[in-house]
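One structure is given here, and the rest of the page talks about it.
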Amino acid sequence: MIIRKKLIAGNWKMNKTPADGVALVTELVAALGKQTDVDVVVCPPFTGLESAAKALDGSTIKLGAQNMHFEASGAFTGEVSAPMLRAIFATHVILGHSERRTLFGEQDAFINKKVIAALKNQLRPILCVGETLAEREAGTTLKVVQTQVEAGLEGVSKEQAATVVIAYEPVWAIGTGKVATTDQAQEVHAYIRGLLVKLFGDAVAQKVRILYGGSMKPANAPELLSQKDIDGGLIGGASLEARSFTDLVKSAAAVK
Ligand code: PEP
């Protein structure tokens, strides 16, 4: 049986100046910078990436971006590319976050191009999928997630797929304080694992980390993280403060 190392990723969204980010990262490095039990990633806004990279240097904490364009360069005002992110030592990139999908109109085919570009540039995509409240109430959760996973990973090879991270984030649980029950979350995570088996085979599917995201906090993390197919968390609000983020990493480390 493959033991997947847990991964805790902090999505800072549009929060923190570079100086605020360095202050937070400095605290995180002091608390977590040497541990290797859990993979830890912080995702500051673009303006804070380079200074965060310097503050993370020499620690085990990795750097991620929150978005990118699929082209390497060109006339795409306001955008940032995978090679640019690699040049400042980012290793991960969040793609298809529900805020990008709903507020900025990103669709599956567009997100898929980014996934392909990230992989081509040795960036690990954290591909976000999840249903809205209306979709859950209509009983279409699994169908929605299936479409997002299949379309998001189209054209990805087996070898590449093993490096992808998927974040299941029910949209109704993001930033709302409402958390999916462990049964609700595990059901969707197991379903995603099954989809990955069909798409890439069992050996690859067993390697892919599937994170839960949606109001994960130190209080609810231990139960969620102890589920068979929940391999970590994508954390919004609770990643903005060193104490809560550190406690989440410790919760992940404590799960046997
Ligand atoms: C997120 O935006 O990815 C997220 C999970 O946010 P929160 O933890 O604040 O719900």
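These numbers come from the heavy atoms of this one structure, side chains and all, not from hydrogens, waters or symmetry mates. All ligand and atom numbering here is 1-based and tracks the order in the structure.
Qualifying salt bridge (Lys or Arg N to Asp or Glu O under 4.0 Å) partners for Asp37, counting only residues two or more places apart in sequence or in other chains: none. Residues satisfying the side-chain contact (heavy atoms from CB on, under 4.5 Å) test with Ala219, not counting sequence neighbours, are none.
When only modelled atom types and interatomic distance are considered, Asp229 and Gln186 share a side-chain donor-acceptor pair under 3.5 Å.
Scanning both residues, Ser226 and Val255, for their nearest heavy atoms gives CA-CG1, 3.9 Å.
Counting only residues at least two apart or in different chains, side chain to side chain donor-acceptor pair (under 3.5 Å) contacts with residues 168-179 comprise His97-Glu169, Glu131-Tyr168, Glu131-Trp172, Arg136-Tyr168.
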Q | Test log, rule side chain to side chain donor-acceptor pair (under 3.5 Å), inputs Ser244 and Asp247 | A | CA-CA 5 Å; Ser244 47; Asp247 285 352; over 6 Å; no
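For ligand 1, the 4.0 Å heavy-atom shell takes in Asn11, Lys13, His97, Glu169, Ala173, Ile174, Gly175, Gly213, Gly214, Ser215, Leu234, Ile235, Gly236, Gly237, ordered by chain and residue number.
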